[in-house]
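Below is one structure, written out as C-alpha cells, with a few remarks after it.
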Amino acid sequence: MTTAIFGLWRNWAIAVGLLTVLTVCSPLIPRQWVAPLNVVFYLALQWMHTVLRNRDVPSCSRLIQEVSAVMLVTALFVVGLYFLVRGEGHYELNGQPFLPDTPVLVILVTAPVAAIVTLAFLLNRREPAVCRRCKLRYGNVIEHGFIGGLFRREWRYQTGLLFALSTLLAVVDWGYYFAHYINTNLNRADLFFFIWMPLAMYVLSLIYLGCRYYYLWVYYCQNDEEDYAKRPGTTTLRYLILHGDKLFVNMVDTGLKFNNGAKVKRFDTPAVVRTQYYERENIHTAIRLFTEDTGITDAEVRLAYSSPDGITYENMFHYFAFLPDSEAVADSKIEGEWFTWGNLRQMATHHILSQDLVSELNRIYEVAMAWKTYDHRGRRLYSIKHYKPTFRLRDIKNWDVNYDDHHWLTVARDNQDSFWYPVKRLFNKRMRARG
C-alpha cells in the first residue's frame with residue numbers, strides 16, 4: 001500500500017520532471033540537439049513503464065503514457081520545424097524574421113499539446129491499453145481492489161492538475177510571445193516566462209502532491225480505523241445465476257454514487273459470499289457456500305474465472321450457477337428478477353448495474369466472442385471481415401472456453417480485423433526469425 005501511494009508521486013516527479021527539463025533546456029542548447037534530447041526522454045519513460053510493469057507491486061503508468069504522447073508529438077514538431085525553416089526568408093508567428101540561432105521555445109509546443117492530450121484522456125470513455133494490460137497483469141487488486149480504485153481516482157486528479165497547469169502556461173506564454181517577445185536574445189522577462197515559471201510550477205506541484213500523498217498514506221496506513229494495510233485478507237465468491245437466456249439479478253441494493261448525494265440503484269447478482277482468504281480455488285467449497293447462501297441445492301456450479309490478488313489478499317472467484325428451471329429461485333433465500341442479455345446491456349448503458357457485474361459480463365462477452373471469431377493467433381475463422389457470431393446466454397453452459405486465459409482478451413483487441421494487425425504480425429515474424 002505504501003509503495004502504491006508514493007509510487008503515484010514518483011511517477012509524477014519523473015514524467016512531468018522530464019517534460020520540465022526539456023522545456024527548461026531547449027532555449028539554452030543548440031536547436032539541433034532539442035529533438036534528440038526529446039527522443040531520449042521519451043525512450044526513458046518507455047523503459048520506466050516496462051520496469052514498473054514487471055514489478056510484483058502494481059504502479060499506475062497511465063500518466064507516464066500521457067506524457068510520452070506529449071513528448072512524441074513535440075519531437076515530431078521540432079524535427080519538422082528543423083527541416084521546414086532551413087535557409088532564409090522565414091518568419092515566426094509573431095512576424096519576426098526566423099534567425100538560424102533563434103532558440104527553440106519548446107514550452108510553446110509542450111504546453112498546448114499537454115493540454116490537448118490530457119483533455120482527450122479525460123474525455124475518453126474507453127479504457128486505454130495500458131490499463132487493460134495492468135488488469136491482466138495484477139488481476140483483482142486492480143480490477144476490483146482498493147489499489148485499483150485509488151489508481152483510477154488519482155490518475156484523474158493528476159491528469160486534471162496537469163491539464164490546468166499546461167493550459168495556464170499555454171495561455172500566459174503564448175500571450176507574452178505575441179505581445180513582448182523579441183527573438184534576438186533572451187532577456188530577463190523571457191527567462192521568467194519560458195524557463196523559471198514552468199520550473200517553479202513543477203516544484204510547487206511536487207510539494208503539493210507530496211503533501212497530498214503523505215496524508216493519504218497516514219490515513220490509509222496509520223489510522224487504526226482505516227488501516228487497509230493491516231486488515232486481514234478476504235476471498236469473495238460471486239455467482240452468476242443462469243437459466244436459458246436469462247440472468248438472475250438482485251433489485252434491492254442501493255448505493256450513494258453521486259456527489260450531490262442522490263441515490264442510484266446498482267443492481268447486482270444476489271449470490272455474493274465473502275469468507276476468509278484462501279489462495280486457490282476450490283469447487284467443493286464454492287458449491288457448499290452457494291447452497292448455504294441461496295438455499296438452492298440442484299444448481300450446476302462451475303468456475304468462470306478467477307481474479308487473483310497476492311498483494312492485498314483480497315482475491316475473487318467468479319462462478320456460473322446453472323439452474324434446472326427458473327422456478328428454482330421461488331423458495332430460495334435470494335430475491336431478484338430474470339433479465340435477458342439485451343436487458344443487461346441496456347442496464348449497463350444506463351449505469352444501473354454494479355461495476356463488478358459489468359466487469360464480469362464484459363469479460364465473458366469479450367473472451368467468448370474472440371474464441372468464436374478468431375483462432376489463437378488472431379486470424380479470422382470466417383472469411384467475412386468484421387463478422388461477429390451470435391452471443392446467447394443459453395450457450396454459455398455448452399461452451400468449452402477458458403475465461404481465465406488472458407490471451408483471448410488480447411485477441412479480442414489485437415486480431416485480423418484490427419488496423420495494426422499486419423504490421424504487428426510482420427514484426428513478430430522477424431523477431432521469431434532472429435530468435
Side-chain angles (χ1 to χ4, degrees), residues 49-50 53-54 61-62 65 124-140 142-144 148 238 240 242 244-247 281 302-308 316-320 322 340-346 348-349 353 355-435:
H49 171 58
T50 302
R53 186 175 58 187
N54 293 328
S61 300
R62 200 165 175 178
Q65 295 302 91
N124 184 24
R125 293 182 176 273
R126 295 189 60 186
E127 190 177 52
V130 63
C131 294
R132 295 195 296 266
R133 288 193 293 266
C134 188
K135 286 183 179 180
L136 294 178
R137 171 69 174 82
Y138 296 103
N140 185 62
I142 297 298
E143 189 169 5
H144 303 283
R238 292 176 51 85
L240 298 181
L242 295 160
D245 262 330
K246 294 183 178 181
L247 177 75
E281 187 273 337
R302 186 190 307 171
L303 177 68
Y305 66 96
S306 60
S307 298
M316 187 177 294
F317 298 107
H318 312 262
Y319 294 91
F320 295 123
F322 300 103
T340 64
W341 177 248
N343 299 143
L344 295 170
R345 295 188 64 176
Q346 290 181 354
T349 302
L353 292 182
Q355 186 58 49
D356 288 339
L357 183 56
V358 171
S359 297
E360 289 168 337
L361 296 178
N362 287 340
R363 171 74 164 261
I364 294 166
Y365 177 79
E366 289 189 10
V367 171
M369 294 303 288
W371 170 73
K372 293 183 67 175
T373 310
Y374 309 99
D375 63 14
H376 212 255
R377 296 174 60 183
R379 296 174 299 187
R380 285 192 301 267
L381 299 177
Y382 308 92
S383 58
I384 305 174
K385 189 175 183 180
H386 299 298
Y387 169 75
K388 293 294 183 183
T390 303
F391 179 86
R392 296 178 297 194
L393 293 176
R394 68 170 178 263
D395 295 332
I396 293 178
K397 186 176 182 180
N398 300 320
W399 284 339
D400 184 18
V401 55
N402 184 8
Y403 300 97
D404 246 332
D405 188 353
H406 293 163
H407 180 74
W408 286 117
L409 292 174
T410 303
V411 170
R413 297 172 176 87
D414 185 15
N415 51 65
Q416 194 172 353
D417 290 324
S418 61
F419 182 77
W420 292 107
Y421 180 78
V423 177
K424 292 181 179 179
R425 185 179 180 186
L426 179 62
F427 176 79
N428 292 333
K429 282 185 177 180
R430 291 186 176 182
M431 292 300 293
R432 286 195 295 268
R434 289 182 180 181

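Scope of the values below: all heavy atoms of this structure, side chains included, with no hydrogens, waters or symmetry mates.
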Nearest-0.5 Å distance, [atom1] of residue [X] to [atom2] of residue [Y]:
{"X": "L357", "Y": "L240", "atom1": "CG", "atom2": "CG", "result": "6.5 Å"}
{"X": "F322", "Y": "L393", "atom1": "CZ", "atom2": "CG", "result": "9.5 Å"}
{"X": "M369", "Y": "K388", "atom1": "CE", "atom2": "NZ", "result": "6.0 Å"}
{"X": "F320", "Y": "R238", "atom1": "CZ", "atom2": "CZ", "result": "12.5 Å"}
{"X": "T340", "Y": "R345", "atom1": "OG1", "atom2": "CZ", "result": "11.0 Å"}
{"X": "E366", "Y": "L409", "atom1": "CD", "atom2": "CG", "result": "6.0 Å"}

Would E360 and Y403 count as a side-chain hydrogen bond (donor to acceptor under 3.5 Å, both in side chains) if you check the C-alpha gap in whole Å, the side-chain angles of each, and the deciding distance to 0.1 Å? CA-CA 10 Å; E360 289 168 337; Y403 300 97; over 6 Å; no

Taking atom types as modelled and ignoring hydrogens, do the side chains of S359 and D356 form a donor-acceptor contact shorter than 3.5 angstrom?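 No donor-acceptor contact under 3.5 Å links the two side chains.
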
Contact summary for [X] and [Y], nearest pair of heavy atoms:
{"X": "V358", "Y": "A348", "result": "CG2-CB, 4.3 Å"}
{"X": "P389", "Y": "T373", "result": "CD-OG1, 3.0 Å"}
{"X": "V411", "Y": "G378", "result": "CG1-CA, 3.9 Å"}

Apply side chain to side chain contact (heavy atoms under 4.5 Å, CB included) to residues R53 and V130 and explain how you reach the verdict. CA-CA 10 Å; R53 186 175 58 187; V130 63; over 6 Å; no

Within the distance-only criterion (no hydrogens, no angle test), does the side chain of [X] pair as donor or acceptor with the backbone N or O of [Y] below 3.5 angstrom?
{"X": "H407", "Y": "H376", "value": "yes"}
{"X": "D404", "Y": "Y305", "value": "no"}
{"X": "R302", "Y": "K397", "value": "yes"}

Please report the C-alpha distance between Y374 and R380 in whole Å, then the side-chain angles of each, then the deciding distance to 0.1 Å, and finally whether the side chain to side chain contact (heavy atoms under 4.5 Å, CB included) criterion is met. CA-CA 4 Å; Y374 309 99; R380 285 192 301 267; 3.8 Å; yes

How far apart are the C-alpha atoms of H318 and I364, what are their side-chain angles, what is the distance that settles it, and do they pass the side chain to side chain contact (heavy atoms under 4.5 Å, CB included) test? CA-CA 11 Å; H318 312 262; I364 294 166; over 6 Å; no

Heavy-atom side-chain proximity of K372 to F391 below 4.5 angstrom: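 When only atoms from C-beta onward are counted, F391 and K372 do not touch, as no gap falls below 4.5 Å.
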
Within a strict 4.5 Å, meaning less than it, do heavy atoms of the V401 and V367 side chains meet?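 Touching, per the 4.5 Å side-chain cut-off.
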
What verdict does the side chain to side chain contact (heavy atoms under 4.5 Å, CB included) test give for L361 and W341, after you've listed the backbone C-alpha separation in whole Å, the side-chain angles of each residue and the deciding distance to 0.1 Å? CA-CA 10 Å; L361 296 178; W341 177 248; 4.1 Å; yes

